[in-house]
Amino acid sequence: MLRLFLKQKVSSRKSKPKDPKTFSKRNRRIFDRFPVDHKHLTMMSEQDILLVKEISSKGFSTLVSKTSIDRFQVGDTYAARFRYLGNSYDVQARVSWTDIEGSLGFEITKHQEETRQFIQRLLKPIAIAKSLKKVDATFMRNNKEGKVWYHGDNDTDLYTWEDKSGELRAWQFITGDIFLEWNDIQGVRTGYISIKDQSVSGVTELSRDSLQQVFDPVINSETLNLGLDIIMASDVEQKESILATTNIE
């Protein structure tokens with residue numbers, strides 16, 4: 001899971017703090033912000049666990065207890081570290097605004113290129129994840145196999161299959177022309193969707209029978225990472241069970 005640790009304070013406020021309302025509104029207008037699953041994105045310091053609410057390419061906002069928020073002053077800069085799926089990414093972040101409700105905003109002031117790429121890697125999956133919605137059961141005729149279907153942006157679909165006791169038997173995640181799946185026999189696999197007859201052209205001519213799933217000879221790490229990023233940022237009911245099948249902690 002994704003966590004952000006505050007390692008140490010690098011510098012303290014040197015100038016008059018900006019109006020938090022003014023900064024917050026301007027920052028939100030310029031940079032797209034995405035809501036984050038609180039359970040999987042936290043910022044930890046010695047005395048607090050700060051829940052990250054939103055993240056953008058330039059910063060993030062957090063929740064902190066009202067009794068502790070006075071310790072954070074606008075202008076204070078911290079060295080911090082993201083930890084995600086066994087990897088670490090260092091960043092410096094400055095407190096840009098606070099409010100009496102317990103919210104705290106950070107502006108990213110310094111990061112390595114791999115950290116920038118990491119943040120960009122997260123933004124698209126978060127947007128797709130929040131678009132995933134369960135398809136009404138009335139659209140799934142003769143559903144006797146415990147199948148649940150979620151659909152989202154970018155031609156994204158997540159299918160899960162449960163047994164009669166509610167245990168997850170299999171799942172498949174598709175976005176665009178790539179897919180990631182698991183079942184209790186083959187385990188985790190990745191692949192892509194191709195056209196059986198390459199002479200067929202035109203979207204209107206394509207049907208389910210015209211397409212085929214091709215499995216990668218070995219797991220494609222990019223497909224795996226993208227699929228897990230989207231699933232982890234989603235609100236699907238079976239998320240924890242899905243992640244458990246991939247041995248991701």
Side-chain angles (χ1 to χ4, degrees), residues 1-127 129-130 229-230 232-235 239-240 243 248-249:
M1 303 310 172
L2 173 60
R3 290 180 169 83
L4 180 63
F5 298 84
L6 291 183
K7 297 192 297 183
Q8 63 180 356
K9 182 185 290 187
V10 176
S11 62
S12 298
R13 181 181 67 195
K14 294 182 179 181
S15 59
K16 184 178 179 181
K18 302 175 182 178
D19 185 322
K21 294 182 179 179
T22 301
F23 182 89
S24 177
K25 290 180 180 178
R26 185 178 71 249
N27 201 29
R28 287 170 183 270
R29 282 200 303 268
I30 298 176
F31 306 111
D32 290 336
R33 287 179 171 265
F34 299 94
V36 175
D37 180 352
H38 290 175
K39 187 172 184 179
H40 300 304
L41 178 55
T42 61
M43 174 191 292
M44 301 182 66
S45 65
E46 293 182 356
Q47 299 179 2
D48 302 292
I49 296 179
L50 310 183
L51 300 179
V52 176
K53 297 193 302 180
E54 296 176 320
I55 189 169
S56 75
S57 60
K58 296 297 182 180
F60 45 88
S61 62
T62 71
L63 292 175
V64 63
S65 66
K66 294 181 180 180
T67 58
S68 300
I69 198 168
D70 289 341
R71 295 193 301 103
F72 297 92
Q73 300 296 318
V74 171
D76 290 349
T77 300
Y78 290 85
R81 173 171 292 168
F82 288 105
R83 291 181 183 174
Y84 187 68
L85 300 181
N87 297 314
S88 297
Y89 307 89
D90 291 324
V91 66
Q92 282 191 8
R94 179 172 57 237
V95 178
S96 55
W97 56 267
T98 65
D99 66 31
I100 60 175
E101 299 301 322
S103 292
L104 184 68
F106 283 88
E107 177 185 5
I108 296 174
T109 58
K110 184 179 180 181
H111 53 68
Q112 300 174 338
E113 175 61 20
E114 62 178 358
T115 303
R116 185 194 68 79
Q117 294 178 359
F118 163 68
I119 294 173
Q120 290 299 321
R121 165 189 163 186
L122 291 181
L123 295 184
K124 181 178 178 180
I126 289 174
K130 296 308 175 184
D229 288 344
I230 294 174
M232 279 195 287
S234 73
D235 296 320
K239 177 169 62 176
E240 299 303 327
L243 295 177
I248 299 298
E249 299 179 353

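Basis for what follows: all heavy atoms, side chains included, without hydrogens, waters or symmetry-related copies. This one's a predicted model, so the numbers in the text were calculated from it and none came from an experiment. Here, residue 1 is the first one in the sequence, and each next residue gets the next number.
Judged by distance alone, with hydrogens and angles left aside, the side-chain atoms of K130 form a donor-acceptor pair with the main-chain N or O of A233 at under 3.5 Å. In this structure a side-chain-to-backbone donor-acceptor pair under 3.5 Å is present from K239 to M232. Here the side chain of T109 pairs no donor or acceptor atom with the backbone of R94 at under 3.5 angstrom.
I69 is linked by a side chain to side chain contact (heavy atoms under 4.5 Å, CB included) to V64, T98, counting only residues two or more places apart in sequence or in another chain. A search for salt bridge (charged side-chain N to carboxylate O under 4.0 Å, His left out) contacts involving K110 returns nothing, not counting sequence neighbours. Under the side chain to side chain contact (heavy atoms under 4.5 Å, CB included) criterion, Q112 pairs with E114, T115, not counting sequence neighbours. In this structure, Q120 has no side chain to side chain donor-acceptor pair (under 3.5 Å) partners at least two apart in sequence or on a different chain.
Looking at D76 and K9, a side-chain N of the basic residue comes within less than 4.0 Å of a carboxylate O on the acidic one, giving a salt bridge.
From Q117, atom CD reaches atom OH of Y89 across 9.5 Å, with rounding to the nearest 0.5 Å. Atom OG of S61 sits about 13.5 Å away from atom CD of E107, to the nearest 0.5 Å.
With contacts defined as side-chain heavy-atom distances shorter than 4.5 Å, the pair S57/L123 qualifies. A heavy-atom distance below 4.5 Å is not found between the side chains of V95 and W97. Side-chain contact between I108 and F60 is present, with heavy atoms from C-beta onward closer than 4.5 Å.
The aromatic rings of F72 and Y78 lie tilted to each other, with the angle between the two planes from 30° to 60°.
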